[in-house]
Amino acid sequence: MRVAVFNTKAYDRRFLSEANARFGHDLTFLEPRLDVLTAPLAAGHEAVCVFVNDGVDGTVLEALAKVGVRLVALRCAGFNNVDLAAAERLGIAVVRVPAYSPHAVAEFTVGLLLAVDRQIPRAWARVRENNFALDGLIGRNLHGRTVGVVGTGKIGALVARVLRAGFGCTVLASDLHADPELEAIGVRYVPRDELLRTAEIVTLHCPLTPETHRLIDAKVIAEARDGLVIVNTSRGALIDTAALIDGLKARKVRAVALDVYEQEADLFFEDLSNEIIADDQFQRLLTFPNVLVTGHQAFLTEEALSAIAETTLASIADFEAGRPLANRVDAALIAPAR
Ligand code: NAD
């Protein structure tokens, strides 16, 4: 099948090309992100393949439909960037990669938590300057602390397991469905507002939906325990950034580690080191010594990139052959409010 692959980096091209040796699709690698201006580049292709920050809204989908695109293949798990209702109306199928390597994201999440709470990047910067003083680097044990895991799907369950069984944390969880295997190791499901009021560390692993949009806001921060640590490797808009900055300034929030950011589409995945960043909120976040930000790289392992390529190309082959689409995304996947 002819596929226009938008927003590609060298690593996308490498892993997709390697996997495609088994599928034989006709892949056109394009550097630009998919948007209303670049959508016409998909002319002559029945499918487009996109990533987390390609904006697949109604206007873009209409432009894609006009040039004959019938399939949007997301090479990621999240699908909040796609207008699913518009896709359905236009007869465009949407597939994603629901699980490529939850371990990649879960391991990175725990790494970020340790890094920010034990101040590893600050310590490394000091040592490089031959500054071996330890003042200001006091951390806290994870053992015995109360961690709240919001969303215990594939990634959240692994994080909960590592924190509970590995570090001996008290783990609270919130999800639409409890996972009995986690309950068996002592993870306790509580309503989300109770989790957010009780936890010393909160790590976010639910999808971004209208219901979870800015689930951490000024009210939640005000009602949280003093010294809250927040880790977000899910989607940036789960957190109200302005409220987070206020919480940091008020010292209510002890530390924050983010792999995702509300307005990341304007920043992440590009080398902007020669640019002036106009996003004042993002720049303010970077000034805090107790904030650690990475550029949406939790997924970036060899295993995950291979799995993403394999699943994406297999879904495209299924679509071409008229087989059922195991990884199809539709509006029913968006969880109801809770
Ligand atoms: P998943 O679908 O397996 O799990 C999501 C869980 O969230 C499910 O158990 C679901 O029931 C639960 N959930 C849904 N609505 C909820 C709500 N309102 N409150 C609490 N829980 C709710 O997904 P996953 O593979 O574990 O991925 C989780 C998220 O991680 C994805 O949505 C994606 O946004 C993000 N992600 C980020 C990266 C990265 O590189 N940073 C990579 C992959 C995925």
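Everything numeric in this text was worked out from a predicted model, so none of it was measured. We count ligands from 1, going down the list as the structure has it; atoms in each ligand are counted the same way. In what follows, residues are counted from 1 in the order of the sequence shown.
The local environment of CZ in Arg323 is crowded, with over 12 non-hydrogen atoms from other residues, nucleotides or ligands closer than 6.0 Å.
Close contacts of ligand 1 with Ala298, meaning ligand atoms under 4.0 Å from a residue heavy atom, involve 39 (C), 40 (O), 41 (N). Taking a cut-off of under 4.0 Å to the non-hydrogen atoms of Thr212, the atoms of ligand 1 that pass are 17 (C), 18 (N). Residue contact check: Phe299 has heavy atoms under 4.0 Å from atoms 40 (O) of ligand 1. Counting the atoms of ligand 1 from 1 in the order shown, those under 4.0 Å from a heavy atom of Gly151 are 7 (O), 21 (N). Close approach of ligand 1 to Thr233 (heavy-atom distance below 4.0 Å) involves ligand atoms 36 (N), 37 (C), 38 (C), 39 (C), 41 (N). Short contacts between ligand 1 and Arg235, defined as distances under 4.0 Å to a heavy atom of the residue, involve ligand atoms 33 (C), 34 (O), 35 (C), 36 (N), 37 (C). Shown in contact with Asp259 at under 4.0 Å from a heavy atom are these atoms of ligand 1, numbered in order with element: 39 (C), 40 (O), 41 (N). Near Arg192, meaning under 4.0 Å from any of its heavy atoms, are these atoms of ligand 1: 18 (N), 19 (N).
Note on Ile316 and Ile308: separate hydrophobic clusters, where clusters join Ile, Leu, Val, Met, Phe, Trp and Tyr whose side-chain heavy atoms are under 4.5 Å apart, directly or indirectly.
Of all the heavy atoms of Lys154, the ones lying under 4.0 Å from any atom of ligand 1 are found in both the backbone and the side chain. By the criterion of a heavy-atom distance under 4.0 Å, the side chain of Val105, and not its backbone, is placed next to ligand 1.
At least one N or O atom of Ile155, backbone or side chain, sits closer than 3.5 Å to an N or O atom of ligand 1. Between Asp175 and ligand 1, an N or O atom pair is found at a separation short of 3.5 Å.
Look at Tyr100 and you'll find a heavy atom under 4.0 Å from some atom of ligand 1. The shortest separation from a heavy atom of Ser174 to ligand 1 is under 4.0 Å, placing the residue in contact. Under a 4.0 Å heavy-atom criterion, Ala99 is not in contact with ligand 1.
Selection from Ala157, Pro98, Pro207 by nearest heavy atom to atom 13 (N) of ligand 1 gives Pro207.
Smallest separation of non-hydrogen atoms from Leu134 and Arg126: C-NH1, 3.8 Å.
Checked by atom type, the side-chain pair Asn20/Ser17 shows no donor-acceptor distance below 3.5 Å.
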